[in-house]
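Just so it is clear, the values below take in all heavy atoms, side chains as well, and ignore hydrogens, waters and symmetry mates. Throughout, residue positions are numbered sequentially from 1 according to the sequence presented.
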Amino acid sequence: MASTIRPSLSSFMLPSLPSCNPSQKLSLLHLGSGKPNSYNFGLKASRLLRHDDGNCMGVMACGNLSPAATQENVLDWVKHDKRRMLHVVYRVGDLDKSIKFYTECLGMKLLRRRDMPEQRYTNVFLGYGPEDAHFVIELTYNYGIDYYDIGTGFGHFGLAIDDITRIVELVRLKGGKIIREPGPVKGGSSIIAFIEDPDGYKFELIEKAPSPEPLCQVMLRVGDLDRSIKFYEKAFGMELLRTIDNPEYKYAIAMMGYGPEEKNTVLELTYNYGVTEYDNGDAYAQIAIGTDDVYKTAEAIKLAGGKITREAGLVPGFRTKIASCVDPDGWKTVFVDNIDFCREVE
């Protein structure tokens with residue numbers, strides 16, 4: 001049974017407003033209530049400033065700029081924004097079963113849990129380290145819904161592990177599903193294996209030395225690899241780390257992210273020759289990325305041809321600023337204000 005998509009509010013808590021004078025408070029509330037009128041990248045552009053004293057925000061005019069110059073500034077700003085992939089969100093049908101699998105089989109820790117009985121859902125965060133420094137998983141359980149359609153577009157999550165045989169045997173012992181036994185990757189020397197969690201999400205186990213980010217990849221399928229690369233570079237400020245083209249098996253891959261693969265989680269975009277459309281299902285939800293400014297982020301996405309699904313501003317009922325968009329293949333991303341996110345995980 002398909003579910004109504006509920007927003008993941010557990011990532012959108014924000015403490016009370018910092019100490020500001022009345023005019024600063026008014027400015028902050030106005031800016032957060034939606035896309036502020038004064039924050040418009042037009043002829044009279046303005047920019048949002050964060051003050052060191054109390055992290056309050058204010059607006060200061062930048063003078064008269066041509067639309068072309070302003071657009072160029074916004075897109076250039078994206079390259080220098082402090083961004084990091086925060087977590088990946090997806091839906092599960094049995095939260096207790098999922099927690100047991102991730103902690104006992106994959107060695108993750110239960111980092112926090114948020115129950116929302118009035119909205120009839122629960123979020124839990126699991127990972128290999130604290131959220132302020134690691135990419136983690138956010139599982140969403142919607143009351144009474146025990147099945148979701150993963151679709152054909154979602155690929156897998158990648159785990160960097162120094163002994164994948166041990167993990168595979170542990171999964172087997174716990175009654176888990178082994179999709180591919182450990183062995184060399186086709187056409188290469190890397191040792192990999194594939195397993196499934198209780199809801200059918202696939203995990204690629206990659207044998208390598210211990211990594212600061214064991215949850216190292218999110219693989220999504222796309223219909224036009226060049227188009228996707230350009231979008232993620234321009235709209236998201238990601239770097240194209242490497243590409244793989246395998247004509248024998250008719251696929252190509254682009255690894256994209258905010259730093260080298262050895263130290264950061266990356267997005268693995270996969271193009272299968274001749275396949276231009278996929279069913280994204282209703283199980284996988286989104287990736288969350290931190291940003292210093294959700295308003296500029298939203299403008300940059302629009303300038304890059306992206307589709308905004310939620311304008312930059314405060315989450316209703318919370319005081320965290322976010323902006324949401326979809327890429328050319330319909331994969332959703334939520335950008336979260338860095339300061340707001342740090343306050344929450346503290």
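- Side chains of Glu204 and Ile206 form a contact here, defined as non-hydrogen atoms less than 4.5 Å apart.
- Between Trp331 and Tyr284, the gap from one ring centroid to the other is short of 6.0 Å.
- Hydrophobic clustering (side-chain heavy atoms under 4.5 Å, transitive across Ile, Leu, Val, Met, Phe, Trp, Tyr) groups Val222 together with Tyr273.
- In the hydrophobic clustering of this structure, Tyr249 does not group with Val185; members are Ile, Leu, Val, Met, Phe, Trp, Tyr whose side-chain heavy atoms approach within less than 4.5 Å, directly or through other members.
- Cluster membership for Phe203 and Met85, using ILVMFWY side-chain heavy atoms within less than 4.5 angstrom, is shared.
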Evaluate the criterion side-chain contact (heavy atoms from CB on, under 4.5 Å) for residue pair Lys97 and Val92; output intermediate values, then yes/no. CA-CA 9 Å; Lys97 184 186 293 186; Val92 298; over 6 Å; no

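- Under a hydrophobic clustering in which Ile, Leu, Val, Met, Phe, Trp and Tyr are joined whenever their side-chain heavy atoms come within less than 4.5 Å, directly or via other members, Ile192 and Ile179 fall into the same cluster.
- Ring centroid separation for the pair Phe157 and Phe135 does not come in under the 6.0 Å cut-off.
- Using bins of under 30°, 30° to 60° and over 60° for the plane-to-plane angle, the ring pair Phe236/Tyr232 lands in the perpendicular bin.
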Any chance you could lay out the side-chain contact (heavy atoms from CB on, under 4.5 Å) test for Glu169 and Ile167, step after step, and finish with the verdict? CA-CA 5 Å; Glu169 291 307 316; Ile167 300 298; over 6 Å; no

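- Ring geometry for Phe194 against His156 counts as perpendicular: the plane angle is over 60°, on a 0 to 90° scale with 30° as the lower cut.
- Both cation-pi conditions hold for Arg112 and Phe125: the charged atom is under 6.0 angstrom from the six-membered ring centre and inside a 45 degree cone around its axis.
- Checked against the 6.0 Å centroid criterion, the rings of Tyr201 and Tyr90 qualify as a close aromatic pair.
- Under a 4.0 Å N-O distance rule, the pair Asp197/Lys202 does not qualify as a salt bridge.
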Which is it for Arg114 and Glu344 under the salt bridge (Lys or Arg N to Asp or Glu O under 4.0 Å) test, yes or no, and what are the steps along the way? CA-CA 12 Å; Arg114 180 171 178 80; Glu344 177 196 352; over 6 Å; no

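- A salt bridge does not link Lys263 with Glu213: none of the charged nitrogens is closer than 4.0 Å to a carboxylate oxygen.
- No option in Lys302, Arg83, Lys321 other than Arg83 meets the side-chain hydrogen bond (donor to acceptor under 3.5 Å, both in side chains) test with Thr297.
- Cluster membership check: Val266 does not share its hydrophobic cluster with Tyr258, using side-chain heavy-atom separations under 4.5 Å among Ile, Leu, Val, Met, Phe, Trp and Tyr.
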